[in-house]
Amino acid sequence: MKILVLNSGSSSIKYQFIDTNFKEALAKGQVERIGMSSAVLTHAPKDKEKIKIVGEILDHSIAIEYVLAVLLSPNHGVIKNKSEIEAVGHRVVHGGEDFSGSVLITEKVMEVLKENIELAPLHNPANIKGVKAAQLHLPNIPQVGVFDTSFHAKMPHHAFLYGIPFELYRRYKIRRYGFHGTSHRFVALKAAEMLGKPYEELKIITAHLGNGGSLAAINMGISIDTSMGFTPLEGLIMGTRCGDLDPSIITYVMGKEGLDVREMNALLNKHSGLIGVSGESSDMRELEQAVEDGDKRAKYAFDLFTYRIKKYVGSYIAALGGLDALVFTGGIGENSVAVRKAVCENMQYLGLDIDFEKNEKVNGKLDVATENSKARILVIPTNEELVIALDTEMIVNEQLNGLTK
Ligand code: ADP
């Protein structure tokens, strides 16, 4: 099935046009700076020349028009007719407590997405704009929503509740939701494939480390805990986000610095984490270079980042009652030799023994544990767009089968 995968942000749309039969993208690209007169569309078709278009793209609907135009273009396109797009799969950040899997987007689903805006005010409105734009330009084509949260929907209450008055959970749905679900699920399934064992029999910890980062503890195919919480701010130290924090710091700093809620939110989300501690960069490559050059604060940031991951790995081994594999993925997890080394060093007592030489030779997927290691240490490139495409295909096929029964 040929599926258009859309990841709509507030001022950008990333897209891939995927043929699920070959599990490959026929074209990928993005529209950035939506809403401005100098919006940019970059389009990379497979086996054809890449293009970049700069122009006025004032909203998501016009952005989708442009995307369809390049997909259909005689020189840079990959289809001859719009009808070759058999379905659209949308990344939706927050499904709240309403979705434990991917769904066909109906009017009722749209209503629920709108209700969940409060839980993800930065992301869900943009996702909804993307869905509406796609519905407008591809009116008779099924649209499927794939949620970042749904893989974690089966967490037990002791993992998702916070130690605050229960009424707040009832009233405002304040609980752990977790994110990056498509990536955690994808690499956990790949890990089972690499180990040649049934997914439903394995204890796996997945570490998705990109600009944002989270860990998930997956027991017999079910995410039983994850480090991001009510929002993506909790857990690991990230590029610009603070991760776990003593909540008292928030009110204390607001008082001392005279910050309002919006400013404090910006401080924790945009000016903390690696950039906040190092004062240098939120980008791990640049940070590693700074560490090599002897920059002390860059070293503090790097150590804080890897120590936090190590602590989570230890606690998740306890939560899982054992471990078959630790998986690294995301830009940092897949590429940073130094991060994997620092996280896995001196973890033999927990069954993790990293082979330092193999760790330096990663190119794609690889098991970097020693032969004696009780648990495997796997590096697996993630592919969230492919998961969205495959889920979309599955939901559309289920609908078709339902109709013909
Ligand atoms: P996003 O979360 O935006 O999808 P990515 O998964 O692409 O981000 O991860 C981006 C991060 O990966 C950046 O911090 C970048 O520095 C880091 N990264 C990419 N390549 C390397 C590398 N070779 N070594 C260390 N870090 C890397």
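All values reported here derive from a predicted model rather than from experimental measurement. Note that the numbering runs from 1 along the sequence shown for the chain. All ligand and atom numbering here is 1-based and tracks the order in the structure.
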field: Contact check, side chains of Tyr316 and Leu326, non-hydrogen atoms, under 4.5 Å
entry: no

task: May I ask you to decide whether Arg376 forms a salt bridge with Asp367, counting only side-chain N to carboxylate O separations under 4.0 Å?
output: yes

- prompt: Using the benzene-type ring in the case of Trp, are the ring centres of Phe151 and His180 under 6.0 Å apart?
  reply: no

query: Is the shortest heavy-atom distance from the side chain of Phe99 to the side chain of Leu113 under 4.5 Å?
result: yes

message: Closer than 4.0 angstrom, basic N to acidic O: yes or no for Lys311 and Asp244?
response: no

message: Give the residues near ligand 1 by chain and number, with the criterion being a heavy-atom distance under 4.0 Å.
response: Gly210, Asn211, Gly212, Asp283, Met284, Arg285, Glu288, Gly330, Gly331, Ile332, Asn335, Ser336

query: Do NZ/NE/NH1/NH2 and the carboxylate oxygens of Lys28 and Glu385 come within less than 4.0 Å?
result: no

